[in-house]
Amino acid sequence: QPKGGIFLTEKEGEMLHLQCSYNLPEVLQKICAKVPFGHCLCGRAASTGELQFTHCLDERHDNRYNGIAAHGHYNIPIHSDGKVLGVVVVYLEEGHQKNEMEVDFLISVADILSGLIIRNQAEEAIKENEKKFRVLYNETPVMMHSINLEGKLLSVSDFWTEKLGYQREEVLNRNFTEFLTESSRKHALEIILPQFKLTGHIENVDYCFVKKNGEAMNCLLSAITQRDDTNNFIRSLAVITDITERKKDLEKLVKAESEIRNFATHINHVLEDERAGIAREIHDELGQQLAGIKIGLSTFKKINIADDKMQEKVIDMMQDVDTTIQSLRKIATQLRPGILDSLGLIPSLQWLGSEFEKKTKIKCKLEMDVKEQKFEKNLSTCFFRICQEALTNISKHAAASEVIIHVSRNGDELVLKISDNGKGISSEKLENPFSMGLLGMRERANIIGADLQIVSKKDSGTTVQLKKQLN
């Protein structure tokens with residue numbers, strides 16, 4: 001009576017599993033349920049990759065039991081790309097001689113089985129991957145959908161339906177742009193979808209979806225295309241991230257920053273106005289009072305006083321008044337130089353450079369490539385104060401021997417550049433948010449909408465450049 005079985009190799013490890021059998025005794029099915037490579041004839045066929053034949057119960061029959069009948073074997077390995085996938089076992093009557101036609105036939109059967117096994121394994125792998133993809137697609141806490149070439153939804157993830165409040169059957173086969181606001185729909189149809197079909201991918205597109213209850217939801221969408229072997233569009237795979245709360249937080253941050261900047265602008269204007277007021281009071285009120293005292297002392301000096309010591313005392317007092325007047329003028333100028341309001345920005349920068357050279361003994365070269373002398377008040381104040389702060393930093397930290405102040409106008413753009421040949425500023429200090437001098441310069445530039453750039457190299461000096469559109 002014909003007998004036989006088919007063993008398949010375990011995925012991990014060298015072990016054969018009996019997958020099917022024909023007319024094998026139950027006891028043999030149990031004994032041969034698992035056979036290690038190299039054990040018994042079928043195990044030897046698996047380990048060597050070669051056909052094993054016997055016409056009797058020889059020493060290679062490792063699996064035996066009481067009452068086992070005498071028999072022979074064909075054990076044919078099932079090959080694929082040098083790997084043994086399993087073994088076909090055919091039982092023979094004792095004394096059966098090996099026949100080449102039988103061998104060729106059984107090898108052909110093994111080859112057919114090899115193809116079937118490979119196909120089955122591929123199908124199982126596809127099913128497993130599809131299962132994993134479905135789990136990933138539906139359980140990932142990110143909205144995902146696929147559309148066809150017309151933009152109709154082919155699939156949506158569980159999270160997609162949960163976030164937008166729809167049932168899956170309500171959205172499939174509808175154009176995904178139906179779930180966007182009017183502005184996002186127009187942006188998608190006119191710009192994004194044509195670009196996507198052309199390039200095959202998009203990244204972080206800002207869309208606004210509309211939930212079933214009418215609420216708007218800001219999202220970022222990234223997508224890729226799936227194409228066939230002839231590069232035809234099959235479907236897209238889009239990943240959508242809800243950024244509604246992030247956008248609200250950003251809007252709050254931008255609003256808070258704007259309020260702080262507006263407040264800083266107001267404080268700066270108030271400060272400049274107070275400085276100007278105090279400077280005027282010092283110059284006009286205290287200056288006049290001291291001038292009056294000096295006149296009184298001068299009149300007193302002309303009186304014929306016999307006491308020489310008294311005469312010397314009056315002279316000393318007049319000198320003290322002169323010194324005080326000079327100090328007050330200096331203080332008033334430091335608060336806000338009158339020349340800035342009376343003559344304008346360019347003469348003020350020239351005066352500032354001249355005073356800097358006198359005070360620090362650092363050579364200061366002035367290059368004024370502009371025709372205008374006066375500009376709008378806030379612009380003039382900003383340019384003057386940034387130049388003043390830059391020169392202060394140079395005198396304190398740069399160890400420079402020369403400074404160049406260059407002002408030019410390129411069309412509608414006014415440019416101020418302060419360069420030195422000092423030791424430079426380290427990148428750590430340039431990027432330090434708590435560097436008050438640099439921070440103050442940046443904030444002043446922001447107040448008038450100017451662009452400030454600070455470039456520095458070690459031992460090669462520093463350049464501060466301020467640009468502002470005049471129109």
Side-chain angles (χ1 to χ4, degrees), residues 1-140:
Q1 189 178 17
K3 296 178 184 177
I6 297 176
F7 291 85
L8 294 182
T9 304
E10 200 176 57
K11 288 183 179 179
E12 294 90 15
E14 297 184 337
M15 182 71 71
L16 294 173
H17 285 256
L18 181 62
Q19 294 296 312
C20 60
S21 63
Y22 183 74
N23 285 335
L24 290 184
E26 187 174 341
V27 62
L28 190 58
Q29 292 181 41
K30 291 181 179 180
I31 293 174
C32 295
K34 288 187 177 183
V35 179
F37 276 32
H39 186 77
C40 210
L41 280 119
C42 54
R44 286 178 171 83
S47 63
T48 62
E50 297 176 354
L51 182 145
Q52 299 291 317
F53 172 80
T54 180
H55 60 82
C56 62
L57 278 171
D58 60 18
E59 68 281 356
R60 291 175 291 173
H61 281 79
D62 298 311
N63 288 345
R64 298 181 182 230
Y65 58 94
N66 291 332
I68 187 172
H71 62 275
H73 273 300
Y74 276 120
N75 294 269
I76 305 94
I78 304 170
H79 293 282
S80 177
D81 295 329
K83 183 180 179 181
V84 175
L85 305 177
V87 176
V88 178
V89 179
V90 177
Y91 279 71
L92 305 170
E93 291 183 357
E94 186 178 27
H96 184 94
Q97 297 302 307
K98 187 176 183 181
N99 184 300
E100 291 302 322
M101 289 183 64
E102 293 175 345
V103 170
D104 291 342
F105 173 75
L106 290 172
I107 290 175
S108 297
V109 170
D111 289 342
I112 294 171
L113 288 173
S114 173
L116 293 173
I117 291 168
I118 293 297
R119 179 178 175 180
N120 183 69
Q121 288 177 347
E123 290 174 350
E124 289 297 323
I126 291 171
K127 289 179 182 178
E128 183 65 23
N129 287 336
E130 287 178 346
K131 181 181 177 182
K132 290 179 179 178
F133 177 77
R134 281 194 298 271
V135 171
L136 179 67
Y137 191 83
N138 286 313
E139 295 187 7
T140 300

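Just so you know, these numbers come straight off a predicted model, no measurement behind them.
- Between R64 and L57 there is a side-chain heavy-atom pair separated by less than 4.5 Å.
- Interatomic distance, CG of D62 versus CZ of R44, reported as 5.0 Å (0.5 Å rounding).
- Counting heavy-atom neighbours within 6.0 Å of E93 CD, excluding the residue itself, gives a total of 12 or less.
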Side-chain donor-acceptor pairs under 3.5 Å in residues 29-40, sequence neighbours left out?
{"unit_1": "Q29", "atom_1": "NE2", "unit_2": "L24", "atom_2": "O", "d": "2.8"}
{"unit_1": "H39", "atom_1": "NE2", "unit_2": "N63", "atom_2": "OD1", "d": "2.9"}

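- Separation of atoms CD1 (I78) and CG (L116) is listed at 9.5 Å; rounding is to 0.5 Å.
- Ring orientation note: the planes of H71 and H61 are nearly perpendicular, at an angle over 60° on the 30°/60° scale.
- Other residues, nucleotides and ligands contribute at most 12 non-hydrogen atoms within 6.0 Å of the CG atom of D81.
- Distance CZ/F7 to CG/N75: 8.5 Å, rounded to 0.5 Å.
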Yes or no on side-chain contact (heavy atoms from CB on, under 4.5 Å) for C42 and L16, after CA distance, side-chain angles and deciding distance? CA-CA 8 Å; C42 54; L16 294 173; 4.3 Å; yes
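- Note that the CD atom of Q52 and the CD1 atom of I76 stand 10.5 Å from one another [nearest 0.5 Å].
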Show your reasoning for whether side-chain contact (heavy atoms from CB on, under 4.5 Å) applies to H79 and L85. CA-CA 6 Å; H79 293 282; L85 305 177; over 6 Å; no
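- Under the 6.0 Å cut-off for aromatic ring centres, F53 and H73 do not qualify, their centroids lying 6.0 Å or more apart.
- Note on E123 versus K127: no salt bridge recorded, every NZ/NE/NH1/NH2 to OD/OE distance being 4.0 Å or above.
- Rounded to the nearest 0.5 Å, atoms SG (C20) and CD1 (I6) are 4.0 Å apart.
- Under a 3.5 Å cut-off, the side chain of S80 and the backbone N or O of S114 do not form any donor-acceptor pair.
- At most 12 non-hydrogen atoms from other residues, nucleotides or ligands lie less than 6.0 angstrom from CD of E26.
- Expressed to the nearest 0.5 Å, how far CD of Q19 lies from CG of L113 amounts to 12.0 Å.
- A donor-acceptor pair shorter than 3.5 Å cannot be found between the side chains of H55 and Q97.
- Annotation for A110 and P77: closest pair CB-O, 3.8 Å, computed over non-hydrogen atoms.
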Determine whether V89 and L41 satisfy the following criterion, side-chain contact (heavy atoms from CB on, under 4.5 Å), listing intermediate values before the conclusion. CA-CA 9 Å; V89 179; L41 280 119; over 6 Å; no
